[in-house]
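Everything quoted here is computed from the prediction, not taken from an experiment.
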Amino acid sequence: MNAAGRADAVHFPEGVDPDSVDLTAEVSLPAAWSKCWAFETSKPTLWDAGTGWVTRGDLARRTKAAAGRLYGAGLRKGDRIILSAAASIDLVVAHVAALRLGLIVVPVNGAYQKAELAHIVGDADPRAAVVDNPEWVRWLVELAPEMMVVSPRLDIGDDNAPSLDQLSSGDPALLGYTSGTTGVPKGAVLTHGNLLAGAESVRIAWRWEPEDRLVLALPLFHMHGLGVGLHGTLLTGASAVLLDGFSPDAVLDTAAAHDATLFFGVPTMYTRLAQSPRVGELSRLRLCVAGSAPLSADLHRRLEEAAGVRALERYGMTETIMLVSNPHDGERRAGTVGYPLPGVELRLAPDTGEVLVRGPNVFAGYWRRPEATAEAFDEEGWFSTGDLGEFDEAGYLRLRGRAKELVISGGLNVYPREVEDALRSHPEVDDVAVTGTPDEEWGELVTAWVVPATGKKPTLENLRSHLDGVCADFKHPRLLHLVEELPRNALGKVQKHLLS
């Protein structure tokens, strides 16, 4: 197919031939970052409330020293390292240093409870963990006494770094835990080439420039905040303001104080911004990107009427980083996620409508799970996303639902089987199924369909209390339906599509 006929051609600036672009020409993000940091070394790059601004030169020096401390502590290329802490420059330095040294970063949600953390520790077999939660420190010491556990300041070892950035595109860089229908999170192995291609594709598509400044309120354990927000900022040579958490006032105050041009968020954030009397201040930003769950047509309209913001929706997942985006320069259609991003090939399975993709951004496979990898890819290298889609008359992709049972609430993944297993241990629960109920603010609300034990009538409050200390709060059900029985097929499988 020639460039003019490529589905991703809409994302390239005028005059740029898509066939001339190599998304992985720089080999790895660390190599590209180091090259960038050698120029305009005094240019401000990252800001947090505790540090203020750090420059390109600061990042080059601090990440080299941090990599040296990791090396001095005995870590070597290919070792896994858990990273879980509040968004800060110290965390970014630790993350970048680990990548420069060739370690495999395992980002983990800090809301996880001990059992959830234990699964990741047992599966990833990490040599070290960078965390800021004292309770996690105790858990990790119990779970893996031989593992090194340190704070984001990396107060360890010396700073005699070996040669850094000696990486190939095929080297593993990040282990992101995700799941489909089994309820047991599995690690998606993203290579240095995958991370580079993912960041480069949105740099091109969203016209990301060195002069841009991002308000980054997304958590850095999530692909949206880490793989897009942070990685894209550093690749582009732009700057970002790191916020440890979200509130409408914090975002709008930060945008004004630092002359920001970009904001990336999930529907929950945009709903709260639209409800703020200050929503009109979003007009100072040149681009607002939304993802992780669909924005409603009404929310699109409210943002445009109140602030002149045409939110740009995109679609991605842990295994692929970003896949599809509405165009920067063309029409941004509510209810769609747009066209394949640069370098991404996409088609729909003819029998099911499942979204199939391939490209340099698509992960290498599941960690130590060859069977799951083989099931996820066909013989031509197409990855089955588990999402169902359709194209509208102009070729925009619209997502219709998920073939798999994943629930996305507030931009975070909830695996129904995990919550179901925990709820079944409640003495008033005989059977249970967990689904997602569409919601404008949260994307989906975690919903429990419970068959009560004989003579019992469990309440939502009781069920949520039962999950305290077992599952992170965002996995707790927000809606409860008591039913006499769950619909099952002839093989006994719950037919969740009949629960409504």
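In Glu390, the CD atom is crowded: over 12 heavy atoms of neighbouring residues, nucleotides or ligands sit closer than 6.0 Å. Heavy-atom neighbours of Lys35 NZ from other residues, nucleotides or ligands within 6.0 Å: at or below the threshold of 12.
The closest side-chain heavy-atom distance from Asp58 to Trp37 is not below 4.5 Å. Side-chain contact between Val96 and Arg62 is absent, with no heavy atoms from C-beta onward closer than 4.5 Å. Residues Thr63 and Trp33 have side chains not in contact (no heavy-atom distance under 4.5 Å, counting atoms from C-beta outward). The side-chain heavy atoms of Met269 and Val251, taken from C-beta on, include no pair separated by under 4.5 Å. Considering only heavy atoms from C-beta on, Val446 stays 4.5 Å or farther from Phe474 through its side chain. No side-chain heavy atom of Thr41 sits under 4.5 Å from any side-chain heavy atom of Thr55. By the 4.5 Å heavy-atom criterion applied to side chains, Pro248 and Leu273 are counted as neighbours. Leu59 has its side chain within reach of Leu234: a pair of non-hydrogen atoms, C-beta onward, lies under 4.5 Å apart.
Checking side-chain atoms of Asn413 against main-chain N and O of Thr178 turns up no donor-acceptor pair under 3.5 Å. Using modelled atom types, one side-chain atom of Ser409 and one backbone atom of Glu444 make a donor-acceptor pair closer than 3.5 Å. Side-chain N or O atoms of Asp165 include none that pairs as donor or acceptor with a backbone N or O of Ala31 at under 3.5 Å. With Asp48 contributing its side chain and Ile89 its backbone, the two residues share a donor-acceptor pair below 3.5 Å. Not a single donor-acceptor pair under 3.5 Å links the side chain of Asp387 to the backbone N or O of Glu354. With hydrogens and angles disregarded, a donor-acceptor distance shorter than 3.5 Å links the side chain of Asp171 to the backbone of Ser168. With hydrogens and angles disregarded, no donor-acceptor distance shorter than 3.5 Å links the side chain of Tyr112 to the backbone of Ile120. The backbone N or O of Glu441 sits less than 3.5 Å from a side-chain atom of Thr268, completing a donor-acceptor pair. Panel note: side chain His192, backbone Val27; no donor-acceptor pair is recorded below 3.5 Å. Judged by distance alone, with hydrogens and angles left aside, the side-chain atoms of Lys186 form no donor-acceptor pair with the main-chain N or O of Trp367 at under 3.5 Å.
Here the closest heavy-atom approach between residue Ala364 and residue Thr191 is recorded as CB-CG2, 3.9 Å. The two residues Gly280 and Ser283 have their closest heavy-atom pair at O-OG, 2.8 Å. The two residues Leu220 and Pro107 make their nearest non-hydrogen contact at O-CB, 4.4 Å. For the residue pair Pro416 and Lys496, the shortest heavy atom distance occurs at CB-NZ, 3.5 Å. In plain terms, the two heavy atoms of Leu226 and His95 that are nearest each other are CD1-NE2, 3.6 Å. Residues Ala7 and Tyr339 approach most closely at O-CB, 3.8 Å, considering heavy atoms.
Test Glu379, Glu319, Glu345 against Arg358 for salt bridge (Lys or Arg N to Asp or Glu O under 4.0 Å) and you get one pass: Glu345. Checking Asp125, Thr373, Val189 one by one against Arg368, the side chain to side chain contact (heavy atoms under 4.5 Å, CB included) holds for a single residue, Asp125. When Leu196, Ile204, Asn361, Leu341 are each tested for a side chain to side chain contact (heavy atoms under 4.5 Å, CB included) with Leu23, only one passes: Ile204. Under the side chain to side chain donor-acceptor pair (under 3.5 Å) test applied with Ser239, the options Arg56, His258, Lys43, Arg213 reduce to a single match, Arg213. The only member of Glu313, Glu305, Arg333, Arg310 that meets side chain to side chain donor-acceptor pair (under 3.5 Å) when paired with His300 is Glu313.
With salt bridges taken as basic N to acidic carboxylate O contacts below 4.0 Å, none links Asp212 and Arg203. Looking at Arg332 and Glu304, no side-chain N of the basic residue comes within less than 4.0 Å of a carboxylate O on the acidic one, giving no salt bridge. Salt bridge annotation for Asp17-Arg6: absent, with no cationic side-chain nitrogen under 4.0 angstrom from a carboxylate oxygen.
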**Q.** Verdict with reasoning, Asp123 to Arg80, per salt bridge (charged side-chain N to carboxylate O under 4.0 Å, His left out)
**A.** CA-CA 11 Å; Asp123 192 67; Arg80 275 76 61 203; over 6 Å; no

Q: Please test Arg100 against Ser34 for side-chain contact (heavy atoms from CB on, under 4.5 Å), starting from the C-alpha separation and ending with a verdict.
A: CA-CA 9 Å; Arg100 297 189 70 183; Ser34 294; 3.3 Å; yes

Q: Would you please test Met317 and Phe383 for side-chain contact (heavy atoms from CB on, under 4.5 Å) and show each step?
A: CA-CA 12 Å; Met317 58 201 316; Phe383 170 63; 4.0 Å; yes

Q: Quick one: do Arg302 and Glu440 satisfy salt bridge (charged side-chain N to carboxylate O under 4.0 Å, His left out)? Show the steps, please.
A: CA-CA 12 Å; Arg302 286 157 56 196; Glu440 177 174 299; 2.5 Å; yes

Q: Starting from the C-alpha separation in whole Å, work towards a yes-or-no answer on side-chain contact (heavy atoms from CB on, under 4.5 Å) for Phe391 and Leu397.
A: CA-CA 5 Å; Phe391 296 114; Leu397 177 68; 4.0 Å; yes

Q: Go through the steps for Arg478 and Asp439 under the test salt bridge (charged side-chain N to carboxylate O under 4.0 Å, His left out), then give the verdict.
A: CA-CA 11 Å; Arg478 292 174 175 269; Asp439 179 78; over 6 Å; no

Q: Please report the C-alpha distance between Val355 and Leu399 in whole Å, then the side-chain angles of each, then the deciding distance to 0.1 Å, and finally whether the side-chain contact (heavy atoms from CB on, under 4.5 Å) criterion is met.
A: CA-CA 9 Å; Val355 178; Leu399 298 177; 4.2 Å; yes

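Using a 3.5 Å distance cut-off with no hydrogens or angles, the side chains of Trp206 and Ser325 do pair a donor with an acceptor. Side-chain contact annotation: Thr24 with Asp22, donor-acceptor N/O pair under 3.5 Å present. A donor-acceptor contact under 3.5 angstrom links the side chains of Thr437 and Thr447, judged on distance only.
A centroid separation of less than 6.0 Å is found between the aromatic rings of Phe263 and Tyr270. A distance below 6.0 Å separates the ring centres of Phe363 and Phe377.
Taken to the nearest 0.5 Å, the OG atom of Ser88 stands 12.0 Å off from the CH2 atom of Trp47.
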